[in-house]
Amino acid sequence: MADESEDKEKTSERKVGVYLCYCGGNISDHVDVEKVAEKVRKIPGIVTVKTNTFMCSDPGQDLIIEDLKKGTVDRVVVASCAPDLHETTFRSAITRAGANPYIYEHANIREQVSWIHHGDKATAKATKLVAGATAKAKQLQPLEPIRVEAKRHAVVIGGGIAGLRAAKDLAIQGIGVTLLEKSPFLGGRAAELDRIAPTGEEVSGLISELASEVLNDPVIKVHTCAHATNSEGYVGNFKLNFKTQPPDPGEFDDKIKRMGVSGKSLGEFIPFVGVCPSTIPEKGVEHTVESGVIVLATGFRTYTPRNGEYGFGNFEEVITLQELIQVMAENGESRELIVNGKKIKNIAMIHCVGSRQIPGIHDAGEDQKLNEYCSRTCCAAMLQAANMIRETHPGTRIFEFYRDIRTYGLGQEELYERASKNKVIFFRFEADEAPAISQNSGSDSHPLMVKVKDTLTFGEEIEAPVDLVVLAAGMEPNDVSDLVAMMKLPVGADRFLQEVHPKLRPVELAVTGILLAGTCQAPFDIGEACAAASSAAVKASALLSRDYVELDPFVAEVDIDKCTGTGACVEVCLSDGALSLVEMEINGEKTMRAKVTPALCMGCGACVAVCPGNAINVMGWTLKQYEAMVDMIVSDEIAAF
Ligand SMILES: Cc1cc2nc3c(=O)[nH]c(=O)nc-3n(C[C@H](O)[C@H](O)[C@H](O)COP(=O)(O)OP(=O)(O)OC[C@H]3O[C@@H](n4cnc5c(N)ncnc54)[C@H](O)[C@@H]3O)c2cc1C
Ligand code: SF4
Ligand code: SF4
């Protein structure tokens with residue numbers, strides 16, 4: 001480590017360029033950007049201050065590139081929107097100028113300033129943030145990305161439609177795949193459907209085609225009845241242990257029952273439900289697989305209505321949409337719809353069951369959580385079923401009870417229009433005045449009565465005698481708590497796995513190298529689940545495009561001269577294997593010192609906070625850099641603003 005006076009001298013020689021963005025008025029409508037420039041220009045060591053309408057535009061980036069190429073500046077500060085959006089843009093510009101991308105500091109004067117403050121206060125805060133960034137920039141050292149060897153192999157967990165799509169797309173890129181499916185079947189929940197919205201095509205054809213492509217691909221190895229038991233490592237070098245064991249025979253019967261296609265031999269099911277005898281283990285076996293990336297495609301489970309919710313569990317005539325789809329598959333082309341041996345004439349279909357739940361109105365689940373999200377697929381699936389029933393069984397009458405119809409996707413609105421033409425009758429209800437289901441005490445032969453205040457007719461009380469009530473039970477995340485604990489996966493407030501950023505990095509997790517495919521992330525229909533799976537495969541193949549992976553260098557580094565081996569840092573580190581005490585020989589004596597494994601370090605800085613001798617720092621965010629920022633912000637000149 002350089003001594004302090006040497007450091008000071010070098011810092012005073014730094015040539016900092018500051019580039020301030022108007023963000024087309026987003027910033028400059030509230031921050032007097034020219035006034036910030038004028039103030040910052042006076043700070044010693046600031047060699048140039050430039051402003052631009054859009055710093056992220058090519059002309060904006062060119063300002064930085066030209067100054068670096070001319071040698072006018074050797075440290076760069078950009079003050080613009082949140083670093084999440086454009087930090088990479090500006091680092092890339094610096095790289096294109098032939099400089100080290102880590103000589104760059106970012107000040108967020110949009111989300112942290114112009115979007116929340118106005119007038120003089122906004123300008124003053126922006127000035128302080130930019131001044132602080134310049135002080136840090138003077139302390140920045142060029143850094144090198146961390147390079148780790150990458151195994152050109154992927155593990156896909158979950159063999160539903162998303163897992164199958166991801167596996168096949170990875171294989172197309174020449175990446176070897178190990179696919180783990182916990183059940184004996186491929187195809188997931190989609191395999192329990194029949195004709196799917198919005199196209200009306202048979203799902204069995206889609207699944208058997210994709211499943212057979214996967215099963216016949218020589219670079220994909222499928223393990224059904226497989227459970228991950230341990231995971232360690234990092235991007236490029238994951239090591240996963242998993243166990244395969246013969247299925248419980250009941251699992252076949254149960255699934256086949258749920259498929260609504262009883263009476264066939266197992267051989268006949270193979271193309272339909274994606275059972276492949278060669279993937280089913282005959283005895284329990286432990287396996288280990290090493291991979292560069294992991295794709296999670298663990299899917300969803302269907303919400304089970306609470307006992308008594310819309311009469312569920314109280315009346316056998318109240319069933320879920322999933323059950324209706326299976327019954328319809330059994331009924332086939334018959335002119336009459338038969339459920340539980342009874343002819344069905346009037347059907348009530350109730351939307352938003354277990355979705356869009358509202359605190360104070362709906363009951364929380366066992367985990368005390370509500371499903372406040374829209375399940376997105378049930379409106380279209382319900383209308384698809386309603387149309388099929390009306391078109392196949394013209395003697396039926398259908399009443400749909402909804403809060404909102406959300407047929408948002410391509411070809412879905414047509415399902416709604418078709419339902420109207422098919423004379424499906426719609427009633428709309430408020431969440432706190434949901435339809436009430438009771439025994440029908442009238443003289444007609446329909447066993448149940450549905451009562452609701454219809455907001456389409458300004459609150460008219462409607463009574464509909466029915467033979468069947470169908471609940472559009474929504475989606476919930478599958479229980480993947482074992483994987484969450486094993487891989488330290490982030491989970492959102494809705495309990496689905498949470499991406500880094502819904503718009504900018506929609507299939508990436510905060511754990512680099514672990515990607516999301518399909519409904520383990522959020523409710524998706526089949527098209528969306530496959531789109532997410534394909535993007536996960538593309539991201540994975542980009543990561544594995546070379547035989548190494550480069551990671552940001554913002555990780556902890558130990559100053560061996562200052563470390564006294566207290567181990568305080570090791571105790572607080574939450575990333576397994578990132579920090580350890582190792583024996584070293586110093587001045588001929590064996591002693592313990594902290595050691596960082598950079599690829600496992602998250603750069604959180606917890607270790608920095610507890611080290612009594614300040615012997616550990618996070619590169620790019622050292623204590624000295626923080627101190628310089630704070631000193632600048634509270635300096636008389638800047639604080640007076
Ligand atoms: C009633 C209903 C009707 C629907 N109708 C339509 C429709 O008409 N059109 C449409 O496009 N979409 C429809 N959908 C949505 C469709 O079902 C989903 O988009 C699709 O199934 C999502 O696929 P997936 O692979 O993400 O998840 P899943 O189908 O849930 O597959 C996940 C797989 O991962 C496996 N798995 C889970 N955890 C693990 C683990 N820890 N280890 C290994 N394997 C694991 C599961 O066993 C499963 O095989 C409907 C959904 C419902 C509920
Ligand atoms: S898709 Fe329709 S039925 Fe499903 S939760 Fe959303 S609004 Fe309700
Ligand atoms: S920065 Fe965080 S993850 Fe890295 S060694 Fe320190 S405590 Fe562990």
Side-chain angles (χ1 to χ4, degrees), residues 156-166 179-183 185-200 203 223-224 226-228 242 274 296-303 320-325 350-356 371 373-385 402-409 412 472-475 478-480 482-483 517-521 523-530 532-533 554-558 569-570 572-575 578-579 594 596-598 600-611 616-618:
V156 176
I157 304 184
I161 199 120
L164 293 172
R165 184 70 269 161
L179 186 142
L180 309 183
E181 164 55 50
K182 72 174 178 187
S183 76
F185 308 96
L186 297 177
R189 294 274 165 190
E192 293 167 14
L193 303 173
D194 183 31
R195 287 189 181 276
I196 47 164
T199 53
V203 79
H223 296 269
T224 54
H227 296 83
F242 67 96
L296 296 172
T298 50
F300 72 100
R301 66 178 176 207
T302 317
Y303 169 81
T320 63
L321 173 59
Q322 199 108 32
E323 287 165 328
L324 175 75
I325 291 170
I350 302 178
H351 287 235
C352 296
V353 179
S355 309
R356 305 175 67 208
N371 302 339
Y373 49 85
C374 165
S375 288
R376 292 163 55 96
T377 54
C378 13
C379 271
M382 195 81 127
L383 291 167
Q384 164 81 15
Y402 70 93
R403 283 167 58 192
D404 294 294
I405 295 283
R406 295 187 167 176
T407 42
Y408 61 93
Q412 291 192 13
M475 290 182 169
N478 250 332
D479 178 8
V480 285
D482 53 344
L483 297 179
T519 52
C520 56
Q521 179 183 9
F524 289 146
D525 72 6
I526 291 172
E528 292 165 333
C530 285
F554 307 125
V555 295
E557 194 174 282
V558 179
C569 55
V570 181
V572 295
C573 179
L574 288 176
S575 176
L579 202 50
V596 177
T597 302
L600 288 173
C601 172
M602 306 179 289
C604 67
C607 51
V608 180
V610 297
C611 177
I616 193 160
N617 259 305
V618 172

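Atoms within a ligand are numbered from 1 in the order they appear, just like the ligands themselves. Heads up: numbering here begins at 1 and tracks the sequence.
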Just jot down the ligand 1 atoms closer than 4.0 angstrom to any heavy atom of [X], in number order.
| X | answer |
| --- | --- |
| I157 | 40 (C), 42 (N), 43 (C) |
| A297 | 32 (C), 33 (C), 34 (O) |
| G160 | 25 (O), 31 (O), 33 (C), 49 (O) |
| Q322 | 1 (C), 53 (C) |
| T519 | 22 (C), 24 (P), 26 (O), 27 (O) |
| A381 | 3 (C), 4 (C), 5 (N) |
| G188 | 29 (O), 31 (O), 48 (C), 49 (O) |
| L180 | 43 (C), 44 (N) |

Can you tell me how far apart [atom1] ([X]) and [atom2] ([Y]) are? Round to the nearest 0.5 Å.
| X | Y | atom1 | atom2 | answer |
| --- | --- | --- | --- | --- |
| N478 | R301 | CG | CZ | 7.0 Å |
| I325 | T320 | CD1 | OG1 | 8.5 Å |
| M602 | L574 | CE | CG | 5.5 Å |
| M475 | R376 | CE | CZ | 9.5 Å |
| L179 | L164 | CG | CG | 6.5 Å |
| L483 | T298 | CG | OG1 | 6.5 Å |

Within a distance under 4.0 Å of any heavy atom of R376, pick out the atoms of ligand 2 and give their elements.
1 (S), 6 (Fe)
For ligand 2, which atoms sit closer than 4.0 Å to a heavy atom of D404?
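Those of ligand 2 that fall under 4.0 Å from D404 are 7 (S).
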Just need the protein heavy atom nearest to [atom], so name the residue and atom and give the distance.
| atom | value |
| --- | --- |
| atom 4 (Fe) of ligand 3 | C601 SG, 2.3 Å |
| atom 5 (S) of ligand 3 | L579 CD2, 3.8 Å |
| atom 8 (Fe) of ligand 3 | C573 SG, 2.3 Å |
| atom 13 (C) of ligand 1 | L193 CD1, 3.8 Å |
| atom 48 (C) of ligand 1 | E181 OE1, 3.5 Å |
| atom 11 (O) of ligand 1 | I526 N, 2.8 Å |
| atom 3 (S) of ligand 2 | C352 N, 3.2 Å |
| atom 6 (Fe) of ligand 2 | C374 SG, 2.3 Å |
| atom 23 (O) of ligand 1 | I161 CG2, 3.4 Å |
| atom 43 (C) of ligand 1 | K182 N, 3.3 Å |
| atom 21 (O) of ligand 1 | A190 N, 3.4 Å |
| atom 19 (O) of ligand 1 | F524 O, 2.7 Å |

What part of [X], side chain from CB on, backbone N/CA/C/O, both or neither, has a heavy atom under 4.0 Å from ligand 2?
| X | answer |
| --- | --- |
| M382 | neither |
| I405 | neither |
| S355 | side chain |

Should the proximity of [X] to ligand 1, defined as any heavy atom under 4.0 Å, be assigned to the side chain, the backbone, both, or neither?
| X | value |
| --- | --- |
| F185 | neither |
| E528 | neither |
| L483 | side chain |
| D482 | neither |

Report whether any nitrogen, oxygen or sulfur of C378 sits less than 2.8 Å from atom 4 (Fe) of ligand 2 (N, O or S, backbone or side chain).
yes
Polar contacts were defined as any N/O atom of the residue lying under 3.5 Å from an N/O atom of the ligand; does this apply to L321 and ligand 1?
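Such a contact does not occur with ligand 1.
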Is there any N or O on R195 that sits under 3.5 Å from an N or O of ligand 1?
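No, there is no polar N/O contact under 3.5 Å.
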Below 4.0 Å from any atom of ligand 2, is there a heavy atom belonging to S375?
yes
Counting backbone and side chain alike, does C569 bring an N/O/S atom below 2.8 Å of atom 8 (Fe) of ligand 3?
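Of the N, O and S atoms in C569, none lies under 2.8 Å from atom 8 (Fe) of ligand 3, which means no.
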Report the member of G474, A472, C379 with the shortest heavy-atom distance to atom 2 (Fe) of ligand 2.
C379
Does M475 have a heavy atom less than 4.0 Å from any atom of ligand 1?
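M475: in contact with ligand 1 (<4.0 Å).
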